[in-house]
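What follows is one structure encoded as structure tokens, with my remarks underneath.
Below, read A as the first sequence line, B as the second, and so on, with proteins coming before strands; counting in each chain starts at 1.
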Amino acid sequence: MADHSGIQEAATLEQRTAAVELVLRRHGVLTDDFIHDFTEHADDAWVTANGARMVARAWTDPAFKARMLADGTGAAREMGFDFPEHHRHFVVLENTPDIHNVIVCTLCSCTAYTIIGAAPGWYKDLDYRARVVRESRTVLREMGLDLPESTEIRVWDTTADTRYMVLPVQPPATRGWPAERLAGIVTQDSLIGASRLDEVKG
Amino acid sequence: MADHSGIQEAATLEQRTAAVELVLRRHGVLTDDFIHDFTEHADDAWVTANGARMVARAWTDPAFKARMLADGTGAAREMGFDFPEHHRHFVVLENTPDIHNVIVCTLCSCTAYTIIGAAPGWYKDLDYRARVVRESRTVLREMGLDLPESTEIRVWDTTADTRYMVLPVQPPATRGWPAERLAGIVTQDSLIGASRLDEVKG
Amino acid sequence: MDGLHDLGGKQGFGRVIHPWPPHDETWEPTVRAMTACAMRNHIYNMDEQRHAIERMEPRHYVAAAYFERHLTALASLLVEKGLTTREELEALAGGRFQLSGPIGPGREAAPPQRFEIGETVRVKDDYVAGHVRAPAYIRGKTGVVVAVSPPYPFPDAAGHGMQAPMEPTYDVRFRARDLWPDSCDDALNHVGVFQSYLERVSAT
Amino acid sequence: MDGLHDLGGKQGFGRVIHPWPPHDETWEPTVRAMTACAMRNHIYNMDEQRHAIERMEPRHYVAAAYFERHLTALASLLVEKGLTTREELEALAGGRFQLSGPIGPGREAAPPQRFEIGETVRVKDDYVAGHVRAPAYIRGKTGVVVAVSPPYPFPDAAGHGMQAPMEPTYDVRFRARDLWPDSCDDALNHVGVFQSYLERVSAT
């Protein structure tokens, strides 16, 4: 049954948020600074630059790359990055010239947010969740990534608590760049698999 | 993609209806009196009383009942009722003390509207369409029809252009009533299978 | 198509609002009459209308009431058939007029085959991008034919304005527990299934 | 549950809005932080949150943006856990506060069994009324294990506040054309599948 429960107007999202906040404060669950501190930490620490630094290091440090592909969680921790409790397993998926990985969460919108940053709006929207598993090539093309027919597409649906990140192919024009400069070209889209960084020129 | 097509406000349903009406009139498809005449005809001719009269006659005329169960379309035509072109087959489903039939259209909201009248709002709503096929007994109970466990429930999903109507069991208290009086107790709910007319007392 | 309109067996819905509260919207009979008018004038057929409703943007479909779905299909088909444009409709309406999504290709019927009353049949494991009248909840499932209808136009073709061969539909009886094992009320579920959607089950 | 949230492979959706337009809603970070706070205080776990979102009234779910879904789950679970009532929330909010639908029973995990990398497995034909993390598009389908995860709490139990045994998940590789024959782009689809959802496929 649709919500025909009352004549009452629906409270706005701001009003509903404030109501929940009051309840949590009254119960002593939410302490004074938590929202501010959590938000500051999330915005500062859980950023795409983390994944970008891992990718740049993998491109320039073959031993690290091997460790990262064997144990993504360990490689992230080695670089000082952390995970929420329920992200017990972090897997890095290596793109090659002939293989393209792309990540989705069809049931909700799970993502390795501490490593690749908060998921973009399109990743959480219904259209991407519904379509990319069944029409991967078409959806990627519509998003600007036109893969040749010869490319094998590997879709990863984040239905369990394993979290994924794509390791893009290093753009040829960037060979020899230092890791710090390389990290600057790695976009969030490329860590999800919506881009291959083909636009990066030397 | 959701409809983010414009800054423009959505036109109201009345405005959209009027716009389509103008287009049909300009093309000469919709003639001056059509809406009025069609609506009057639909409201006057396609009413629950039609199905009710068929049921009442079946209760009082065994030969008609046999014809109706063998050929619902013919029985309806015999009583002067008609069908839209695409309703080529009309099937009457007989309830018994141990068998209960209930009709739905999960894919849209098809119904034998010329015989049982325009479908009620609940029949066209998402909740009924989603639930009655999988939770028939529960949904009927919530709607006020608490069937004993021993009753076999037969659900009919109107996915093709065959149309169904339920022939309810005649309430025992009405034995001996003339057909005209019997027609007065037959509700639209009972023709769909949401009621068994158990509430009818002598 | 595997759209949100294919609701049979979907969970999370609530109590049926019954009795339905009376309401009186004057635009609704107008939409009903205009839909009948468009079909009597053969601007489109019933399956094209159904498919136009299925092609509604899913959020719009779920939020729209019954006659808003009909109005959207009507307007969309008038645009697709060249009687108007979205721009003209929006100008006339004085605001945004959300239409259904684009139509894709339909499909041909399967080669004719007959099934008998009492025969056990299986619904093909078909995934159809266009219009189709087999609900997802019977896909791949096995049932028994209990009745046969006169022939109708094959909807997967008719819904796309293609020449549609006529074929019978079969009322197929399934047991609810075969459709949703351990997760349903006990019942016999009957579905009207077009001949092309069915395949023979070899005797076991 | 077979809810509208289970979107994988559903048709009728449109172009992905990409890039996503920037927006700045101050209530969204507040919801994000409060959700984290509730979980750190063990008021509910991640699966209970996911299930509370799935239990949203379907029309509400489809219309709501991401953080509205989180807010609805948070408020619903605070009511269900006894920290507040809908009446209190509505009084504080000064208006209607639509919550998720009621929770039903969860279920136990299957007896432990191990699958090996490279093994062909089938997803059970299970219909689960409560929380479940197997999307409908792999139900009954066969794939190959390509990776194994460390154990997680079994979500069908954890999502209902039941004691949840730990079990591994398997990254199972399916071919898109086995999931949606003749109706998909060619791809290898990987899904993280809990051990209890899988069954062995006898060698053919």
Side-chain angles (χ1 to χ4, degrees), chain C residues 1-15 17 51-65 69 72 76 98-105 107 124-132 135-137 139-142 156 176-185, chain D residues 1-15 17 51-65 69 72 76 98-105 107 124-132 135-137 139-142 156 176-185:
Chain C
M1 59 185 279
D2 285 316
L4 295 196
H5 73 281
D6 190 357
L7 284 167
K10 289 291 176 293
Q11 298 176 303
F13 286 90
R15 284 181 82 93
I17 299 172
H51 191 43
I53 291 177
E54 293 160 5
R55 292 188 277 118
M56 284 173 67
E57 201 287 320
R59 300 163 186 83
H60 187 197
Y61 179 92
V62 166
R69 300 197 291 265
T72 306
S76 301
Q98 188 172 8
L99 300 178
S100 299
I103 190 165
R107 64 166 188 164
K124 293 176 186 170
D125 197 31
D126 274 352
Y127 294 79
V128 182
H131 185 54
V132 61
Y137 72 82
R139 187 149 51 196
K141 301 286 183 176
T142 296
D156 306 32
R177 61 177 177 274
D178 290 338
L179 303 177
W180 304 284
D182 302 317
S183 183
C184 61
D185 290 345
Chain D
M1 58 187 278
D2 285 316
L4 295 197
H5 73 281
D6 190 356
L7 285 167
K10 290 290 177 290
Q11 297 177 304
F13 286 90
R15 284 181 81 92
I17 299 171
H51 191 44
I53 290 177
E54 292 160 4
R55 291 188 277 120
M56 284 173 67
E57 202 286 319
R59 300 163 185 82
H60 187 198
Y61 180 91
V62 166
R69 301 198 290 265
T72 306
S76 302
Q98 189 172 7
L99 300 178
S100 299
I103 190 165
R107 64 166 188 164
K124 293 177 186 169
D125 197 31
D126 275 351
Y127 295 79
V128 182
H131 184 53
V132 61
Y137 72 82
R139 185 149 52 197
K141 302 286 183 175
T142 297
D156 306 32
R177 61 177 176 273
D178 290 338
L179 303 177
W180 303 284
D182 303 317
S183 184
C184 62
D185 290 344

When C/Asp182, C/Leu7, C/Leu4 are compared by non-hydrogen pairs under 4.5 Å with chain D, the top option: C/Leu4
Nearest atoms (heavy-atom pairs only) where C/Gly12 meets D/Pro58: O-CD, 3.2 Å
Partner chain C: residue of D/Gly140, D/Ala63, D/Cys184, D/Ala129 with the largest heavy-atom pair count (under 4.5 Å): D/Ala129
Pairwise distance CG(D/Asp2) to CH2(C/Trp180) - rounded to 0.5 angstrom: 9.5 Å
Whether C/Gln11 side chain and D/Gly3 backbone form a donor-acceptor pair below 3.5 Å: no
